[in-house]
There are 4 protein chains.
Amino acid sequence: MSDGQKRPSFIEAARKAQLITCAIETLATEGYAQASLAHIAQRAHVSKSAITYYFNSKEELLKQVVIEVYKGAAAYIGPRVGAQSGASERLRAYIEAHIEYISQHLTQIMALAEIGLNMRNADGKPALVGLTDEAALDPLIRLLRRGQEAGEFRDFDARVVAITIRRAIDGTSRLLIGHPDLDVGHYTRELVTLFEYATRKGNNET
Amino acid sequence: MSDGQKRPSFIEAARKAQLITCAIETLATEGYAQASLAHIAQRAHVSKSAITYYFNSKEELLKQVVIEVYKGAAAYIGPRVGAQSGASERLRAYIEAHIEYISQHLTQIMALAEIGLNMRNADGKPALVGLTDEAALDPLIRLLRRGQEAGEFRDFDARVVAITIRRAIDGTSRLLIGHPDLDVGHYTRELVTLFEYATRKGNNET
Amino acid sequence: MSDGQKRPSFIEAARKAQLITCAIETLATEGYAQASLAHIAQRAHVSKSAITYYFNSKEELLKQVVIEVYKGAAAYIGPRVGAQSGASERLRAYIEAHIEYISQHLTQIMALAEIGLNMRNADGKPALVGLTDEAALDPLIRLLRRGQEAGEFRDFDARVVAITIRRAIDGTSRLLIGHPDLDVGHYTRELVTLFEYATRKGNNET
Amino acid sequence: MSDGQKRPSFIEAARKAQLITCAIETLATEGYAQASLAHIAQRAHVSKSAITYYFNSKEELLKQVVIEVYKGAAAYIGPRVGAQSGASERLRAYIEAHIEYISQHLTQIMALAEIGLNMRNADGKPALVGLTDEAALDPLIRLLRRGQEAGEFRDFDARVVAITIRRAIDGTSRLLIGHPDLDVGHYTRELVTLFEYATRKGNNET
DNA sequence: TATGAATGAGCATTCATTCAT
DNA sequence: CATGAATGAATGCTCATTCAT
């Protein structure tokens, strides 16, 4: 009994994972508009029906893609930021971890972007507000505020700075696609420096 | 009578302008995927055929949209940046003018973004590389380099900083959609300050 | 009065002739399916409306094309056949004149073929039954019968032979398109000989 | 059960055959221009999508039609010609078999003609050169040449005669449409006799 | 005399989805 | 567990025609 029930759910999990992977690849390489069930199924060497069998609708598949990618990113980045103690070090870790993850998981990130920029609910409103929405922004805002309270950071609007940092990070994927030979290390260091200057206290006030 | 030649071309120009406007609105509010000729025509209270009568293809219409929006933005921003002389002032004007224009022409900017992010050539490659491509980046890079040569700016990778600034600017439209009540003035000032700190010389070096 | 009325009708005739010519060229070079009013108008450097102004419908234009081509062919061929007296000589002249005309007016003949093979009435039935229909066949049948009565031709079914001759003639245009370097003189002589053998009396009976 | 694999492919084969048949009927009765997927689907009591489900494109469907008709004709005619030994008998069998097949498969032959005369490649050039092209002509030319070498046939241009024979044969379908009550046997006999006289040796030379 | 404007019908094709098996 | 079959809706686009001028 306990065994009989688990086996199918194991197959199910494997198939789902495979289909999500194929969806990601299709989204990344062919774009949202071309990411039809037919194309995804073709890449998975599976019938279209198989997809709607495991995911009731295309929408559900895409949402699972989003969840999958988010989960992976969070698992990579969270610990790296948490390992630091000072606000300045946490910010540096935040930027570095993000860009590292993006540069190493470009396909996933592109797929996520395609969905975020194109997927709409039935009412026509964007289904995702993007990585820059409140949920994604909040931890960064808190990080910055704690830095201000600790006297490490100057007095800025934490929300505006957070948005700008996220934007710089989110744009990295597009940058890497256009310039695959980019020196990621150099780019990261420059970015970290930029935001250190932009946030740290002790500059001569204007 | 005397200018009999102009009458027909006047109607044509008016219709084209109307259709471009409707295309912009449709793109902005419904997204690229939903911006079909049928939807655009519906918004213009016109038949689908009317669109292909004035624009030989959908692609041509979209390209006209891009041109239209670009022209408007350039006309607004160019003079404002050109009016400044110091690098720091020019950078400030660059950011301010962009955000002002974006906040006042949100629909157009969104339409442009939809096209830039989604339109593909026949080969499947993106038709536009986006506002962050070389052409759009170059003037800003030059502005920053001149500031460094003049000793106003610190020693950074002008390309990375330029990308980050453009990203912050480009993201403003998405921000305004999500937060229509945003205090644009405050946001702009914070952004200007952020990049002043990030670029200027004379900070205590790390 | 007498003058005032003639001028417009002169212009009209000239325009009609021009449009018919352009229709012929379009049909011949682009085929029936591509011979839209738009394409014909383009070739005539005229608006689509101009065509429906002079010809109430596309159908009317095409019918005028047919008449025009027929008239030209009849004017060329009729006298040449009429100039001969013996049945055998008339048949030879019939074949020679046709092929000469076809080889010198390939475009018109091709246009005629495109229409004949494709044009349909509202009921879906072919609008033209082709050059092989009764009207075109009758003179040839009479020619052959008179030859039989005069004892020049053997005893065959004049209708079947007439059809076969017409078919050989009508196919010449296709042949010339596929083989523009064809030796028309040789081809004609062979054809004439073939039908001389096929029709003349005095062969050893089977 | 045991041949579980065949069931799905059986349905597919049956549907394909049905759709090809309906396409043939539509082409024959309504003409190439009216043979849209919608019309074909209607005749098959099936949705348009069903056609593109089984045939990736309209072009593929039409090509299958051509293949189907050719196959049938070749299977009927080939053996009948091959069964004869003398050149004269082979020519007779060639004509007889063709006309028999045409008169018994009028619809298919008409469909083939519609495709051959109208179907164009993307470049606007005819997709099929027709039954009169080299491939179709070659066997007949060889047949005639062998007859000349064997001394059965007179000295003519085998190519011109072959073209004329093919033309007479190909035109039969049009003739039968216009005259469904035609006595095919009589017509065939007359045609055979005509070409016997036209080709055989031993006539008094002019 | 001639045209620009506009349209509705029709085209081949793609798509996500449903359903029986 | 997975698929083949089938569909209705939607897409960009072409077309002959109408109409006011």
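Note on naming: letters A, B, ... go to the chains in the order of the sequence lines (proteins, then strands), and numbering restarts at 1 for each one. Every heavy atom of this structure was used, including side-chain atoms; hydrogens, water molecules and symmetry mates were not. Remember, predicted model here, so these are calculated numbers, not experimental data.
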Participant: Rounded to the Å, how far apart are D:Tyr54 OH and E:dT13 P?
Facilitator: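 From D:Tyr54 OH to E:dT13 P: 18 Å.
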Participant: Of all heavy-atom pairs between B:Glu114 and B:Tyr32, which one has the smallest distance, and what is that distance?
Facilitator: OE1-N, 2.9 Å
Participant: Between A:Arg15 and B:Ser36, which has a closest nucleotide on DNA chain F that is more 5'?
Facilitator: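 By nearest-heavy-atom nucleotide position, the 5'-most residue is A:Arg15.
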Participant: B:Lys71 versus B:Glu68: any side-chain heavy-atom pair under 4.5 Å?
Facilitator: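 Yes - at least one pair of side-chain heavy atoms lies under 4.5 Å apart.
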Participant: Rounded to whole angstroms, how far apart are CD on C:Glu30 and C1' on F:dC15?
Facilitator: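 Atom-to-atom, C:Glu30 to F:dC15, this comes out as 15 Å.
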Participant: Do other residues, nucleotides or ligands put more than 12 heavy atoms under 6.0 Å from D:Gln42 CD?
Facilitator: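 Check fails, neighbour count at 12 or below.
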Participant: Figure out the NZ/P separation between C:Lys63 and F:dA16, and round it to whole Å.
Facilitator: 16 Å
Participant: Of D:Asn56 and D:Ala38, whose closest DNA chain E nucleotide lies nearer the 5' terminus?
Facilitator: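 Residue closer to the 5' terminus by nearest nucleotide: D:Ala38.
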Participant: I need the OH-P distance between D:Tyr32 and E:dC11, as an integer number of Å.
Facilitator: 13 Å
Participant: Salt bridge or not between B:Arg120 and A:Glu30? Use side-chain N to carboxylate O under 4.0 Å.
Facilitator: no
Participant: What does F:dC13 pair with, Watson-Crick or G-U, if both distances are under 3.5 Å?
Facilitator: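 The answer is E:dG10, by the H-bond criterion.
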Participant: Is there a Watson-Crick or G-U wobble partner for E:dT17 with both distances under 3.5 Å, and which nucleotide is it?
Facilitator: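 Pairing partner, where one exists within any strand: F:dA6.
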Participant: How long is the line joining CZ of D:Phe10 and C1' of F:dG4, in whole Å?
Facilitator: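 It is 15 Å, rounded to the nearest whole Å.
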Participant: Considering heavy-atom distances to DNA chain E, does B:Tyr53 or A:Leu37 have its closest nucleotide positioned more toward the 5' end?
Facilitator: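 By nearest-heavy-atom nucleotide position, the 5'-most residue is B:Tyr53.
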Participant: A:Gln34 has an atom CD; how far is it from atom P of F:dT11, in whole Å?
Facilitator: 15 Å
Participant: For DNA chain E, find the residues of residues 39-52 of chain B with a heavy-atom distance under 4.0 Å and give them by number; none if there aren't any.
Facilitator: B:Val46, B:Ser47, B:Lys48, B:Ser49, B:Ala50
Participant: Please report, rounded to the nearest Å, how far the P atom of F:dA5 is from the CD atom of D:Gln18.
Facilitator: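 It is 13 Å, rounded to the nearest whole Å.
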Participant: Under 3.5 Å, is there a donor-acceptor pair linking the side chains of D:Thr21 and D:Arg43?
Facilitator: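 No.
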Participant: Hey, does the Lys NZ or Arg CZ of A:Lys16 hover above the aromatic six-ring of A:Tyr53, less than 6.0 Å from the centre and inside 45° of the axis?
Facilitator: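 Not flagged: A:Lys16 not positioned over aromatic ring of A:Tyr53.
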Participant: Looking at every non-hydrogen atom in both residues, tell me the closest pair between B:Ala35 and B:Thr26 and how far apart they are.
Facilitator: CA-CG2, 3.9 Å
Participant: How many Å lie between CD1 on B:Ile11 and C1' on E:dT3, as a whole number?
Facilitator: 12 Å
Participant: Reading DNA chain F from 5' onward, which residue's closest nucleotide shows up sooner: C:Glu59 or B:Ser57?
Facilitator: B:Ser57
Participant: Check every atom of E:dA6, F:dG12, F:dA5 against the side chain of B:Lys58 and return the nucleotide holding the closest atom.
Facilitator: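 Closest nucleotide among those given: F:dG12.
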